[in-house]
Amino acid sequence: MEHKGMPRPDPDAAPLWAWARWVDSKGRAHTRPDRRYPGFRNQYDGLDLLHLQVDENRVLCTDFDQYHCVINNWPCAPLDAGAWPPEEYDRWLDGHWDDPPEKKRLQYRRNAIADPERLPDRWIQACLWTIAPHDVVDIRPACGKPDTIGNHG
């Protein structure tokens, strides 16, 4: 975030994490969570879901799957690499595994950071330093109906 021009507001600040886009089991991308989606069941009982609308200059959007490369210091293949034959993908990884840090940083910028104006139909996470009251569009129970929170069996 700091490299993208979003300085840490305080030395002890930790980034906040949110979903900007998620993909259901049928491959459809969504920007608002479907609280009935099986992947969300029983994970967020008793918690509230905040729907935020944040200025794009305050948020860093990254491809969820590609970000694993960043945190593990792996090479970060192009987004279309998932469609490559396995042997081609393996050759690419072998050829880039020992890339110097600066080359990997370029891969991360090119292949992991998503433009908030044109989010791909993939799992996209959003990180920001702060949430202001005017960023909050809606608050509701994360799962279930308000009268059933905590009564899941």
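A heavy-atom distance below 4.5 Å is not found between the side chains of Cys76 and Lys104.
Ile124 belongs to a hydrophobic cluster with Leu119, counting contacts under 4.5 Å between side-chain heavy atoms of Ile, Leu, Val, Met, Phe, Trp and Tyr, direct or through other members. Alongside Trp97, the hydrophobic cluster contains Trp74, Trp84, Tyr89, Trp92, Leu93 (criterion: ILVMFWY side chains under 4.5 Å).
Put simply, the side chain of Asp24 gets close to the backbone of Arg28: a donor and an acceptor are under 3.5 Å apart.
Between Met1 and Pro15, the shortest heavy-atom distance links the atoms SD-CB, 3.7 Å. Here the closest non-hydrogen pair linking Pro75 and Gln107 is CA-OE1, 3.3 Å.
In the hydrophobic clustering of this structure, Trp123 groups with Trp17; members are Ile, Leu, Val, Met, Phe, Trp, Tyr whose side-chain heavy atoms approach within less than 4.5 Å, directly or through other members. Both Leu52 and Leu16 are part of a single hydrophobic cluster, where members link through side-chain heavy atoms under 4.5 Å apart. Under a hydrophobic clustering in which Ile, Leu, Val, Met, Phe, Trp and Tyr are joined whenever their side-chain heavy atoms come within less than 4.5 Å, directly or via other members, Val136 and Leu49 fall into different clusters.
Partners of Asn57 according to the side chain to side chain donor-acceptor pair (under 3.5 Å) rule, which considers only residues two or more places apart in sequence or in another chain, are Asp55. Listed by chain and number, the residues in a side chain to side chain donor-acceptor pair (under 3.5 Å) with Arg91 amount to none (sequence neighbours excluded). Residues forming a side-chain contact (heavy atoms from CB on, under 4.5 Å) with Arg8 (at least two apart in sequence, or on another chain): Glu2, Ala13, Trp129.
For Gln53, the CD atom is loosely surrounded, since the number of other residues' heavy atoms within 6.0 Å does not exceed 12.
In this structure, CZ in Arg118 is found 4.5 Å from CG in Asp115, a value given to the nearest 0.5 Å. Interatomic distance, Ile113 CD1 to His3 NE2, rounded to the nearest 0.5 Å: 10.5 Å.
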Check against side-chain contact (heavy atoms from CB on, under 4.5 Å), Arg140 and Leu50: CA-CA 7 Å; Arg140 61 181 63 195; Leu50 300 178; over 6 Å; no
Listing, residues 58-71 side-chain donor-acceptor contacts under 3.5 Å, not counting sequence neighbours, or none:
residue: Arg58; atom: NH1; partner: Asp135; partner atom: OD1; Å: 3.0
residue: Arg58; atom: NH1; partner: Asp135; partner atom: OD2; Å: 3.2
residue: Arg58; atom: NH2; partner: Thr130; partner atom: O; Å: 2.9
residue: Arg58; atom: NH2; partner: Asp135; partner atom: OD2; Å: 2.8
residue: Thr62; atom: OG1; partner: Gln125; partner atom: NE2; Å: 2.9
residue: Asp63; atom: OD1; partner: Asp65; partner atom: N; Å: 3.0
residue: Asp63; atom: OD1; partner: Gln66; partner atom: N; Å: 2.8
residue: Asp63; atom: OD1; partner: Arg122; partner atom: NH2; Å: 3.3
residue: Asp63; atom: OD2; partner: Arg122; partner atom: NE; Å: 2.3
residue: Asp63; atom: OD2; partner: Arg122; partner atom: NH2; Å: 3.2
residue: Gln66; atom: NE2; partner: Ala77; partner atom: O; Å: 2.6
residue: Gln66; atom: NE2; partner: Asn111; partner atom: O; Å: 3.3
residue: His68; atom: ND1; partner: Phe64; partner atom: O; Å: 3.1
residue: His68; atom: ND1; partner: Asp65; partner atom: O; Å: 3.3

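Under the 30°/60° scheme for interplanar angles, the aromatic rings of His30 and Trp22 are found to lie parallel.
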